[in-house]
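Working notes, beginning with the structure itself.
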2 protein chains.
Amino acid sequence: MAGKGRVRLVDVAEHAGVSMKTVSNVVNGYAHVQPATRARVQAAIDELGYRPNLTARRLATGRTGMIALAMPEIDHPYFGELARHVAEVAATQGYRVIIEQTLGDEAAERAVLRDREAGLVDGVIFQPMRIATLDIARLHRDLPLVLLGEVEAPVTTDHVMIDNVQAAADVTAHLLAQGCTRIGFLGMVEGDITVTNSRRLLGYQEALVRAGLPLDPRRVLTVGGFTSGDAAAAVRAAIAEGPAFDALVCRDDRFAVGALAALREAGRTVPDDVAIAGWDDSALAQWTWPALTSVAPDKHELARVAFDLLVERMGGAQGVGRHRVVRHSVSVRASTAR
Amino acid sequence: MAGKGRVRLVDVAEHAGVSMKTVSNVVNGYAHVQPATRARVQAAIDELGYRPNLTARRLATGRTGMIALAMPEIDHPYFGELARHVAEVAATQGYRVIIEQTLGDEAAERAVLRDREAGLVDGVIFQPMRIATLDIARLHRDLPLVLLGEVEAPVTTDHVMIDNVQAAADVTAHLLAQGCTRIGFLGMVEGDITVTNSRRLLGYQEALVRAGLPLDPRRVLTVGGFTSGDAAAAVRAAIAEGPAFDALVCRDDRFAVGALAALREAGRTVPDDVAIAGWDDSALAQWTWPALTSVAPDKHELARVAFDLLVERMGGAQGVGRHRVVRHSVSVRASTAR
DNA sequence: ATGAAAGCGCTAACAA
DNA sequence: TTGTTAGCGCTTTCAT
């Protein structure tokens, strides 16, 4: 029962008959240590089972070697995959990732930017949902920060996104190419203050206009929440009372999955009666029935670029905010194949 | 450009004209402080924008207020949901959770138990996949640890699980009640050394025997990996060459989803030709077509019990390992409704 | 109720 | 190449 962290650097030093500095040199792989000394120290380390106390090291160096990844939900397919990529990218440079779940709670989002990260992490990658960008500028002080997702970022803050307008236009154009003419948008979310939705809606509208098609506002469905069930309810309501549509551009794959279920219930066939396109290209997209066409952000690239920007900030870079756009594609599957 | 953590306790003390101790008392909500003093200190804190340095606090107190949750994959639906529950439960007691992804890598799993956690977290909740239980006993030293999942835990280590034998028997019995008689098991995974699979297989077999049905080893499918695609391939192969089956008990929902796709491809109807039951009752289960019957571990309870055990260990409890079994149920949906 | 000072375990100048 | 020592910012006895 040695007790966690019981063996200290000084214990090893005594045991090996050298100074703390020498032990520290060995532990940190400093080159200029006599082989004999190194061996003796290493033996003492092994014998005593020494592990450096990371907290103490942090206090001394001012570095934690950790970054925080803050996002709305850890169990959302997209965010889960993104987290995996960020963790992998960060690991290549020796960083660990703390995942912080905000659950779309504004207080939690503020906390991300304030005291909670004080000295805990060296930087933060943050996908906000509720917090306004001006608040971000005001709150984030000097904590290195990179924003994810399409926010109206203040100029002092880096951020990484895909071109949501273009991507929405791309997927809508794909639907048009399949012969769809009454394309709906699912959907605007009540209470969602991010510009993500409006950007996607804009791209969808641009593609329609470009094709010479009318914009029917009744084909833009409003959804009461962020779950598949909320989306299904919206589609059910639209079927009951709304105008006919022969395709739906969905805000994300979870909405698309809800749409598939609602259409099936109503006896509509996908893609023949209604083509369905999702967004995120999450792992589940290829296993729905029919398999889901989906906008595919390059998640790995998103993670890599965000981390690289953050590393620069953590290294002290002080310039204005950089805005990086990462490429996307449309993964075409059966749900839109006519 | 105040610099992160630039304002220190001593700065606040000076500004307010009191000692560090008094500021510390205010920051930590110590009761015996004169209201006037408290107000003055609080004003200084607000004015200077002071945030306590958590690393320094940790070094002084020896507590980090964080626990690690180590599991194979963060983007697996089950683990994502579990992580969410653990984070929620931990937050109620002021703990934060670091999520550690092992990707089923043995070295990563060893690291979880060793130096990586030195001083980083107060305890670890760990779902191992590759590491043998004896190694766990040898490596974990004095780090408070709770194991998740059905491992042959050494007596010194706490662990929490559901009764996999019983759950497999339950879902198999449900299938029998639906009139299925040629029930298969999908599947044994090559290279999986955990006992999870064998426990589930055992429950499946027990239920068949209890019903007086023969055990046909050819109905136990072997899968080459952990993805839906691997499962789909196994089902395809079984359809091509294996014996007929009218139901499949699947190792998890991802396997079940792969089975649905493979059966559809082959022109088999679910549930009429083949009933499908998954495992984990993840969010996607209700959105597949047909909706998936699935074994439902009580994930919240799993998280709660694991965290409670861990809290006791972090408080210094030294007894032998406790083994806790959490309740499960079977969420019945269309994929088994005949 | 508040202050003074000794650590917590490590790193990093600065010396030797 | 190795040793000495002064911090890192906080908590926490022990005084007052």
Side-chain angles (χ1 to χ4, degrees), chain A residues 2-42 44-45 48-66 115-122 142, chain B residues 2-42 44-45 48-66 115 117-122:
Chain A
K4 174 177 62 173
R6 200 49 178 285
V7 178
R8 294 156 307 161
L9 200 57
V10 62
D11 299 323
V12 177
E14 256 174 42
H15 194 84
V18 297
S19 76
M20 285 175 63
K21 168 65 174 167
T22 301
V23 178
S24 180
N25 283 342
V26 172
V27 169
N28 295 303
Y30 183 61
H32 305 287
V33 178
Q34 295 281 14
T37 313
R38 179 184 298 280
R40 197 146 41 91
V41 170
Q42 189 59 54
I45 288 174
L48 268 42
Y50 170 70
R51 305 278 161 215
N53 180 320
L54 300 184
T55 300
R57 177 179 290 171
R58 282 169 191 182
L59 186 56
T61 61
R63 282 191 69 248
T64 71
M66 304 204 306
D115 43 359
R116 303 209 51 179
E117 313 306 344
L120 223 190
V121 295
D122 298 330
D142 316 286
Chain B
K4 174 176 61 172
R6 200 50 178 281
V7 178
R8 294 156 307 163
L9 200 57
V10 63
D11 299 321
V12 177
E14 256 174 43
H15 195 84
V18 298
S19 77
M20 288 175 60
K21 168 65 174 167
T22 301
V23 179
S24 179
N25 282 343
V26 172
V27 169
N28 296 302
Y30 183 62
H32 306 286
V33 178
Q34 295 280 14
T37 313
R38 178 184 300 278
R40 198 147 40 90
V41 170
Q42 189 59 53
I45 288 174
L48 268 42
Y50 168 70
R51 306 280 162 214
N53 179 318
L54 299 185
T55 301
R57 177 179 288 171
R58 281 168 191 183
L59 185 56
T61 61
R63 282 191 69 247
T64 70
M66 303 204 306
D115 43 358
E117 312 307 343
L120 223 189
V121 294
D122 298 331

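Chain naming here is simple, since letters A, B, ... match the order of the sequence lines and numbering starts at 1 in each.
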To the nearest angstrom, the CZ-C1' distance between Arg40(B) and dG3(C) comes to 14 Å
Residues Tyr50(A) and Val7(A): closest non-hydrogen pair is CD1-O, 3.3 Å
Distance from Arg58(B) atom CZ to Asp122(B) atom CG, nearest 0.5 Å? 8.0 Å
Listed nucleotide nearest any side-chain atom of Ser19(A), set dT2(C), dC8(C), dT2(D): dT2(D)
Gap separating the CZ atom of Arg8(A) from the CG atom of Leu48(A), nearest 0.5 angstrom: 10.5 Å
Rounded off to whole Å, could you give me the CD-to-P distance for the Glu14(A) and dG9(C) pair? 14 Å
5′-ward residue of the pair Leu59(B)/Arg38(B) relative to DNA chain C: Arg38(B)
For the CG atom of Leu9(A) and the NZ atom of Lys21(A), what is their distance to the nearest 0.5 Å? 10.5 Å
Let me confirm one number: the CZ-CG distance from Arg57(B) to Asn28(B), rounded to the nearest 0.5 Å. 5.0 Å
Rounded to the nearest Å, what distance is computed from the NE2 atom of residue His32(A) to the C1' atom of nucleotide dG3(D)? 17 Å
Presence of Thr22(B) side-chain N/O under 4.0 Å of dT2(C) phosphate oxygens OP1/OP2: no
Give, for atom CG of Leu120(A) and atom CZ of Arg51(B), the distance between the pair rounded to the nearest 0.5 Å. 14.0 Å
Do any side-chain nitrogens or oxygens of Thr37(A) fall under 4.0 Å of OP1 or OP2 in dT2(D)? yes
Figure out the CZ/C1' separation between Arg63(B) and dC10(D), and round it to whole Å. 15 Å
Footprint string (nucleotides 10-16 of chain C, 5' to 3'): B base within contact, S backbone only, - free, heavy atoms under 4.0 Å: BB-B---
Tyr30(B) atom OH is separated from dA1(C) atom C1', nearest whole Å, by 8 Å
